[in-house]
Each structure stands twice: as C-alpha cells, then as structure tokens.
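Working notes for the structure below.
The first residue of the sequence shown is numbered 1, and numbering continues consecutively from there.
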Amino acid sequence: MATATQTAAPTLISSVQRALRLLEAVASHVEGAPAKQLARETGLPLPTTYHLLRTLTHEGYLVREKGVFVLGDAAVRLASGGALQNRRTKIENSLARWRDEIGVPIYFALYREGEVELVAVADTPSAPAVEEWADFRETAHAHAIGQCLLSQLDLKSRQDHLDRHPVESITPYTVRNRRVLLERLGDLGRMDALVERQEYALGTVCAAIPITVGSAVAAMAISLPLHQQEQLLPAVERLRKEIGRLFGSLAFSISI
C-alpha cells in the first residue's frame, strides 16, 4: 500500500507559478505588452496581474516603458547565466569526447581581460592533467597554453602581460628571459602548434594549438609524461583534426 508520503502531491506556491507565467508572457513579446493583454494571455485576474507586475518591476525582472512591460536586467542576467552554463557544458562535452578518442588530457583556455583563464580540463585517473602547482595566470611564459595565447597577441599586449607577470625560471628548462621568449613567439607561425618540454612541470611535455574566432583568443592543449613524448605531436595533430570537424559547435561555445 502506498504511504501518504509517496502519494502526496508536491507543495506548490501559486504566487510563484503566476509570476513565472507572467515572465514567460512578457518574454514572448519583443516589443513588450500592456497589463491587460498579459492578464488575458495568462488567465489571471487583472488585480492579481497588476500586483505581480509591480512586484516583478520592483525586483528588476520587468521594466515598464510607455505603458508596456518588457524584461528587465535581472531577467536578462538570469537568462544569460543559463546560456553561459549551456556553452560551458558544450565545451566540457567536446573535451571529454576528444580525451576519450585521443587518450590524453585536453585543456581549453582563453586570454581574457589581460589574463590567462583555464576554462575547462578533461582528464582521467590513468591520464591525469598537469597539476597547477604554480599559478597558470602568473606563469604563462612557462607553459604551452600560456605561450600559445601570448603568441596570438600583438607585441604591445605581450609586453604589457610580461610587465605584469615577469619571466622567471620555475624549472631548469623554463625559457631563460623575456628576449628569448619574445623571439620564440615571434618565430611561431599563425597556426603552428607550440611545444614545451618540462618548462612548467618536470617529467611532462605539452603542446597547444591556437583557436581564433573573431576577437576571441583561445587555445587547446594536451599533455603527456616525458617518456611518451614521441606521441605528443601525433596526438596534437589528431586534436587539430577533431576540432576542425566540430568547429561549428566550438565557435558557438567559445564566447564563454
């Protein structure tokens, strides 16, 4: 026999339901809609509609303009947050698929507002990602992701970044100084893979490829243990091909 707990309907707050119906109705009108029209479309009494509209307007979810109601900043932020999560999920799913197909950790990073931002990483216990033992943002000169991102900037922007985050050795293999780093970046072709060996983490080799869509500066990278370094370039070329096949999806997601 079913218990009362099993058969009981969930407790619903009717005022919240009505407010959500109003928000949906307003969102369906690009140019906005007046209160009486919204009341008809939602089936709500006009006094209730006015009360809810005033509350939603006070909280910033709606704005009244020339007698009609349109979505306010709070509703726009709510919607953009959902879109952001959707784009992040698309990126993470793509990375996980490529990780499984190629068998290496996959990284995706952006250069945004003057800093390196590691957006997502896909790895496995048997093929773990490199541990961030030194802040990726402050050590862009030492790892493949950071160098690949810096290579896509103009010289002034590179200089600005290195003024804020100076070149310094974090392993015996790290690039020696700013001049050597700038020469390396300047010699790199626009779509060349950037390879570093033990410059950020001892016992690890990494390769990164640039991903440029519009004004976005991005990179994808892989890493391998040093004893598997002969697999590095074949693996990064496989990643490049996979990205090419799914570039439409990536281009849609890159603005995260």
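Within 6.0 Å of CD on Glu131 lie no more than 12 heavy atoms contributed by other residues, nucleotides or ligands. For NE2 of His51, the number of neighbouring non-hydrogen atoms (other residues, nucleotides, ligands) closer than 6.0 Å is 12 at most. For CZ of Arg21, the number of neighbouring non-hydrogen atoms (other residues, nucleotides, ligands) closer than 6.0 Å is greater than 12.
Follow the hydrophobic side-chain contacts under 4.5 Å out from Ile106 and you reach Ile243 in the same cluster. By the rule that hydrophobic residues join a cluster once side-chain heavy atoms approach within less than 4.5 Å of another member, Val70 and Leu56 end up as members of separate clusters. If you chain together hydrophobic residues whose side chains sit under 4.5 Å apart, Leu52 and Val68 never meet in one group. Side-chain heavy atoms closer than 4.5 Å link hydrophobic residues (I, L, V, M, F, W, Y) into clusters, and following such links, even through other members, never connects Leu46 to Phe69. Transitive grouping of hydrophobic side chains (ILVMFWY, heavy atoms separated by less than 4.5 Å) brings Leu150 and Leu188 into a common cluster.
Taking the side chain as every heavy atom from C-beta outward, Leu232 and Ile222 approach each other to under 4.5 Å. Contact check for Gln159 versus Leu155: side-chain heavy atoms found under the 4.5 Å cut-off. For the pair Ile102/Val236, no side-chain contact is recorded, criterion being any heavy-atom separation below 4.5 Å from C-beta on.
In terms of the salt bridge (charged side-chain N to carboxylate O under 4.0 Å, His left out) criterion, Glu24 has no residue partners (sequence neighbours excluded). A search for salt bridge (charged side-chain N to carboxylate O under 4.0 Å, His left out) contacts involving Asp154 returns nothing, not counting sequence neighbours. Leu202 meets the side-chain contact (heavy atoms from CB on, under 4.5 Å) test with Thr171, Pro172, Tyr173, Gln198; sequence neighbours excluded. Scanning for salt bridge (charged side-chain N to carboxylate O under 4.0 Å, His left out) contacts around Asp160 gives Arg164, with sequence neighbours left out. Residues satisfying the salt bridge (charged side-chain N to carboxylate O under 4.0 Å, His left out) test with Glu237, not counting sequence neighbours, are Arg240. Scored by the side-chain hydrogen bond (donor to acceptor under 3.5 Å, both in side chains) test, Glu132 finds no partners at all (sequence neighbours excluded).
Closest non-hydrogen pair, His141 versus Glu199, comes out as O-OE1, 4.3 Å. Summarising the geometry of Leu224 relative to Gln228, their closest heavy-atom pair is CD2-OE1, 3.4 Å, with the distance given to 0.1 Å. The two residues Cys148 and Pro210 have their closest heavy-atom pair at SG-N, 3.3 Å. Nearest heavy-atom pair, His29 versus Ala33, reported as atom, atom and distance to 0.1 Å: CD2-CB, 3.8 Å. Across all non-hydrogen atoms, the minimal contact from Pro105 to Asp123 is CB-CB, 4.0 Å. Between Cys206 and Thr204, the closest heavy-atom pair is SG-CG2, 3.9 Å.
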Next on the checklist: Under the criterion side-chain contact (heavy atoms from CB on, under 4.5 Å), I'd like the reasoning laid out for Val195 against Val205: C-alpha separation, chi angles, the key distance, then a yes or no.
Outcome noted: CA-CA 8 Å; Val195 176; Val205 294; 5.8 Å; no
Item to check | Step-by-step side-chain contact (heavy atoms from CB on, under 4.5 Å) determination, Thr139 to Thr174 | outcome: CA-CA 10 Å; Thr139 57; Thr174 306; over 6 Å; no
Item to check | From CA spacing to verdict: side-chain contact (heavy atoms from CB on, under 4.5 Å), Val63, Asp73 | outcome: CA-CA 8 Å; Val63 174; Asp73 289 343; over 6 Å; no
Checklist entry - Where do His165 and Glu115 land on the side-chain contact (heavy atoms from CB on, under 4.5 Å) test, with the steps shown first? => result CA-CA 10 Å; His165 303 297; Glu115 300 294 345; 2.9 Å; yes
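Tyr107 and Ser223 share a donor-acceptor pair across their side chains, judged by distance under 3.5 Å alone.
For the atom pair Asp192 CG and Ile209 CD1, the distance stands at 11.5 Å (nearest 0.5 Å). Atoms CG and OH, from Leu38 and Tyr50 in turn, are 10.0 Å apart once rounded to the nearest 0.5 Å. To the nearest 0.5 angstrom, His58 atom NE2 is 14.5 Å from Leu53 atom CG. Separating the CZ atom in Arg158 from the CZ atom in Arg178 is a distance of 12.0 Å, to the nearest 0.5 Å. Rounded to the nearest 0.5 angstrom, Phe108 CZ and Leu118 CG are separated by 10.0 Å. The structure places CG of Leu149 at 7.5 Å from CD1 of Ile145, a figure rounded to the nearest 0.5 Å.
Between Glu183 and Arg179 there is a salt bridge, since at least one side-chain N of the basic residue sits less than 4.0 Å from a carboxylate O of the acidic one.
With Gln152 contributing its side chain and Ala218 its backbone, the two residues share a donor-acceptor pair below 3.5 Å. No side-chain donor-acceptor contact under 3.5 Å links Arg18 to the backbone of Thr42.
Using a 30° and 60° split on the angle between ring planes, His143 and Tyr200 fall in the perpendicular class, above 60°. Aromatic ring orientation, His161 versus Tyr111: tilted (interplanar angle from 30° to 60°).
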